[in-house]
Asks: 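First, the structure itself, so that you have it in front of you.
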Amino acid sequence: MSVRVVAQAEVEALLPMLECIEVMREVFEALARGDAVQPLRSMVWLPDRSGLLGLMPAYTGSPLAIGIKVVTVMPGNHGTELDSHQGVVLVFETVRGSLRAIVDASAITALRTAAVSGLATRCLAREDAGDLALLGAGVQAASHARAMAAVRPLRRVRVWSRSPASARGFAARESARLGLAIEVCASARAAVDGADLVCTTTASRTPVLDGAWLAEGAHVNAVGACFRDARELDTAAVARARLFVDRRESALQEAGDILIPIAEGAIGAGHIRAELGELVSGAHPGRATRDEITLFESLGLAVEDLAAAHAVWVRAEAAGAGTAIELGGRRAAAGPRG
């Protein structure tokens, strides 16, 4: 049977950011109405904990698909020619269980993570928000800059990184892409000062964002920390904000940005106001006042990977993109009896 293989360079051409945001809206609506199965992910750590293999299965009823992302996460790749996420998303059809697509996971992860932040920003940020601070200057910072530009008219963009050279390189590359000069800041505080959109996209295990720096009315997308013992935001940032998550179950199992303040007694589990699916379905109104700070804590869900990869596969089939290979579990014909 024919399986479509889609390489990293082809993914975003097949699924532009604004279209991916719409795909994410649809899958979060499906998740909210119970038309999806989203287990917790499994992780296999290397003995020295320098990296891991993550297994992220899911089912979605819309689009109708079942699949899994198999990905290694290697923080040591930061600053090298390789993305920290390496792997594939496997898309299966649900009638006979046939594999239909193998899609590069690095590209899917970068695209869908930023698209989900774009969706959350559309739901939670003030309509006139447009002063963007990016903490981090890697793959996710670049995709988040594009996502923020897709949902809000940006008037200013600032970037900070622990590596000044990385920040300068990022600004040079992405300024042309956005059509807006990106300012390089010497400190995270300088980048955040007065910003009404903040995206934390670092690999830091300790806070890079202090809640005292946040302006009234700011919206924060926190995407870099995805383990219980790692966080990008200090306790004050989380406690000050109205908190929204992609999935409560995942957040209360894995999000150090939330679990550490809970352990400190600063907040309780009830500090989570709603899931993103509740926002897009209209079950929760989101922002209540112009001056409140909103925070979207994103861990990343397998339903996001599956929906994005399925959309890429559909477009690749229509365009003849990617590479078709013969792969699958056909049963050998039975031989003659005698």
Side-chain angles (χ1 to χ4, degrees), residues 17-25 28-29 32 111-136 140-160 174 178 180 182-183 188 191-201 208-224 232-233 236-246 251 257-258 271-300 304:
M17 181 61 72
L18 198 55
E19 293 181 27
C20 190
I21 291 172
E22 180 62 18
V23 170
M24 294 301 101
R25 182 191 64 78
F28 271 95
E29 285 186 343
L111 178 61
R112 62 76 157 158
T113 304
V116 170
S117 292
L119 180 62
T121 300
R122 180 185 284 169
C123 293
L124 293 170
R126 298 192 311 202
E127 288 293 331
D128 61 351
D131 188 333
L132 172 62
L134 296 164
L135 303 187
Q140 283 294 346
S143 59
H144 273 75
R146 297 196 294 276
M148 296 303 102
V151 297
R152 289 293 185 271
L154 300 181
R155 59 184 178 271
R156 185 184 187 189
V157 181
R158 287 170 280 177
V159 63
W160 167 83
E174 300 302 321
L178 286 181
L180 183 67
I182 298 176
E183 306 167 38
V192 171
D193 184 32
D196 46 26
L197 294 173
V198 180
C199 297
T200 62
T201 66
V208 297
L209 177 62
D210 189 320
W213 304 341
L214 291 169
E216 289 187 352
H219 171 68
V220 181
N221 297 302
V223 305
E232 294 183 294
L233 280 59
V238 180
R240 284 188 69 190
R242 285 171 60 90
L243 175 61
F244 301 85
V245 299
D246 46 13
D257 280 326
I258 298 171
H271 194 61
I272 298 174
R273 301 304 177 96
E275 296 180 352
L276 182 54
E278 295 171 296
L279 295 175
V280 298
S281 69
H284 191 283
R287 173 177 290 272
T289 70
R290 179 174 174 80
D291 291 338
E292 70 186 4
I293 295 168
T294 54
L295 165 61
F296 175 62
E297 177 71 22
S298 174
L299 277 171
E304 302 166 16

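Sequential numbering from 1 along the given sequence is applied to the chain's residues. Everything quoted here is computed from the prediction, not taken from an experiment.
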Asks: I'd like to know if the side chain of His219 and the backbone of Cys123 have a donor-acceptor N/O pair within less than 3.5 Å.
Replies: no

Asks: Treating Asp246 as the side-chain partner and Gly300 as the backbone partner, does any N or O pair qualify as donor plus acceptor under 3.5 Å?
Replies: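 At least one qualifying donor-acceptor pair exists.
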
Asks: Where do Ala222 and Thr200 come nearest, in terms of heavy atoms and distance?
Replies: CA-OG1, 3.2 Å

Asks: Within the structure provided, determine whether Ile258 and Val245 are in side-chain contact (heavy-atom separation under 4.5 Å).
Replies: yes

Asks: Distance alone, cut at 3.5 Å: any donor-acceptor contact between the side chains of Thr201 and His144?
Replies: no

Asks: How long is the span from the CZ atom in Arg112 to the OG atom in Ser143, to the nearest 0.5 Å?
Replies: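 If we round to the nearest 0.5 Å, Arg112:CZ and Ser143:OG are 10.5 Å apart.
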
Asks: Are the side chains of Leu214 and Leu209 in touch, meaning some heavy atoms are under 4.5 Å apart?
Replies: yes

Asks: Closest approach of Cys20 and Leu111, non-hydrogen atoms and distance?
Replies: SG-CG, 3.7 Å

Asks: Taking Arg240 for the side chain and Gly211 for the main chain, is one N or O donor matched with an acceptor at less than 3.5 Å?
Replies: yes

Asks: Do the side chains of Arg242 and Arg287 get nearer than 4.5 Å, heavy atoms only?
Replies: no

Asks: Between atom OG1 of Thr113 and atom CD of Gln140, what is the distance when rounded to the nearest 0.5 Å?
Replies: 4.5 Å

Asks: Where do Ile293 and Gly217 come nearest, in terms of heavy atoms and distance?
Replies: CG1-N, 4.2 Å

Asks: Roughly how far apart are Leu197 CG and Arg155 CZ, rounded to 0.5 Å?
Replies: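 The CZ atom of Arg155 is 8.0 Å from CG of Leu197, to the nearest 0.5 Å.
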
Asks: What's the shortest heavy-atom distance between Ala191 and Trp160, and which atoms?
Replies: CB-CB, 4.0 Å

Asks: Output all residues satisfying side-chain contact (heavy atoms from CB on, under 4.5 Å) with Ala195, sequence neighbours left out; order by chain, then residue number.
Replies: Asp131, Ala133, Arg158, Val198

Asks: Write down the atom of Ala149, the atom of Leu178, and the distance for their closest heavy-atom approach.
Replies: CB-CD2, 3.9 Å

Asks: With heavy-atom distances below 4.5 Å as the criterion, would you say the side chains of Asp257 and Leu295 are in contact?
Replies: no

Asks: Calculate, to the nearest 0.5 Å, the distance between atoms CD and CG belonging to Glu304 and Leu119 respectively.
Replies: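 Rounded to the nearest 0.5 Å, the CD-CG separation comes to 9.5 Å.
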
Asks: If you measure from CG on Asp196 to CZ on Arg156, what distance do you get to the nearest 0.5 Å?
Replies: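 Output value for this atom pair is 10.5 Å.
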
Asks: With the side chain counted from C-beta on, respond yes when Glu174 and Leu134 share a heavy-atom pair under 4.5 Å apart, and no when they do not.
Replies: no

Asks: Is there side-chain contact between Phe28 and Leu279, with heavy atoms separated by less than 4.5 Å?
Replies: no

Asks: How long is the span from the CZ atom in Phe296 to the CG atom in Leu124, to the nearest 0.5 Å?
Replies: 8.5 Å

Asks: Sort and list the pairs that fulfil side-chain hydrogen bond (donor to acceptor under 3.5 Å, both in side chains) and have at least one residue in residues 118-127, not counting sequence neighbours.
Replies: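 side-chain hydrogen bond (donor to acceptor under 3.5 Å, both in side chains) check on residues 118-127 returns Thr121-Asn221.
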
Asks: Judged by atom type as modelled, is there a donor-acceptor pair below 3.5 Å linking the side chain of Asp193 to the main-chain atoms of Trp213?
Replies: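 Checking the backbone N and O of Trp213 against the side chain of Asp193, no donor-acceptor pair under 3.5 Å is found.
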
Asks: Minimum heavy-atom separation for Ala188 and Val208, please, with both atom names.
Replies: CB-O, 3.5 Å

Asks: Is the shortest heavy-atom distance from the side chain of Thr289 to the side chain of Glu216 under 4.5 Å?
Replies: no

Asks: Evaluate the side-chain proximity of Leu132 to Cys199: yes if any heavy-atom separation is below 4.5 Å, no if none is.
Replies: yes

